[in-house]
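To start, the structure itself, in structure tokens.
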Amino acid sequence: MYFKVNLIEPIIVQVRRYGNTSFELIRLELERKRLDFFSKWLVSVLIFNLISYSVLILNIAIAFWHREILGKTYKPYFIVTAFYGLFGMMNTKQNFDN
């Protein structure tokens with residue numbers, strides 16, 4: 001009887017170690033996926049911000065350039081706003097047609 005207990009004991013230890021190793025592998029895989037998602041999200045946010053600020057500065061430059069051409073201080077901003085308003089309406093109409 002004592003001999004059978006010694007055979008079962010190492011098997012139980014090995015199963016426990018296997019379970020702990022499997023749990024650790026799953027935990028590390030989830031950590032890797034989480035960090036991969038976060039790094040991709042961060043790059044996307046940074047690129048979006050860079051493009052947004054570039055477009056904003058370009059719009060201000062266009063408005064200043066039109067101000068020099070038109071000679072008025074408020075008309076260029078209305079022109080830039082009207083352009084984006086028309087662009088938004090055309091884009092909205094296109095989305096509703098589909």
Side-chain angles (χ1 to χ4, degrees):
M1 195 64 151
Y2 182 73
F3 184 71
K4 288 184 180 179
V5 171
N6 284 339
L7 288 177
I8 294 175
E9 188 72 28
I11 294 173
I12 292 172
V13 170
Q14 291 294 330
V15 168
R16 186 176 297 148
R17 285 178 50 199
Y18 176 76
N20 289 341
T21 304
S22 296
F23 175 74
E24 190 70 22
L25 284 173
I26 291 170
R27 188 183 66 80
L28 289 173
E29 183 68 22
L30 289 174
E31 181 77 13
R32 185 189 63 81
K33 287 182 180 181
R34 182 181 64 88
L35 291 174
D36 189 40
F37 171 77
F38 179 72
S39 65
K40 288 179 182 178
W41 175 80
L42 185 62
V43 168
S44 299
V45 167
L46 290 175
I47 289 173
F48 176 76
N49 283 340
L50 179 68
I51 291 171
S52 297
Y53 290 135
S54 298
V55 169
L56 177 67
I57 289 173
L58 179 68
N59 286 325
I60 292 171
I62 289 171
F64 283 154
W65 180 59
H66 279 109
R67 188 173 71 179
E68 289 178 9
I69 293 172
L70 296 174
K72 300 275 184 169
T73 58
Y74 58 90
K75 282 186 181 177
Y77 301 106
F78 287 136
I79 291 171
V80 172
T81 303
F83 170 74
Y84 278 109
L86 289 173
F87 181 74
M89 284 189 278
M90 290 185 334
N91 216 7
T92 304
K93 182 182 181 313
Q94 183 182 10
N95 288 339
F96 283 135
D97 288 343
N98 291 334

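The distance from atom CZ of F37 to atom CG of L42, rounded to the nearest 0.5 Å, is 11.0 Å. To the nearest 0.5 Å, atoms CZ (R34) and OG (S39) are separated by 11.0 Å. Here L30 contributes atom CG and L35 contributes atom CG; the two are 11.0 Å apart, rounded to the nearest 0.5 Å. With rounding to the nearest 0.5 angstrom, the CD1 atom of I26 is 8.0 Å from the CZ atom of F23. Atom OG of residue S52 and atom CD1 of residue I47 lie 11.5 Å apart, to the nearest 0.5 angstrom. Once rounded to the nearest 0.5 Å, the distance linking CZ of R17 with CD of E24 reads 14.0 Å.
Scanning for ring pair (Phe, Tyr, Trp, His ring centres under 6.0 Å) contacts around F38 gives W41, with sequence neighbours left out.
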Name every donor-acceptor pair, under 3.5 Å, that has one atom in a side chain of residues 56-68 and the other anywhere in the protein, sequence neighbours excluded.
residue	atom	partner	partner atom	Å
N59	OD1	Y84	OH	2.9
N59	ND2	V55	O	3.1
N59	ND2	Y84	OH	3.1
H66	ND1	I62	O	3.0

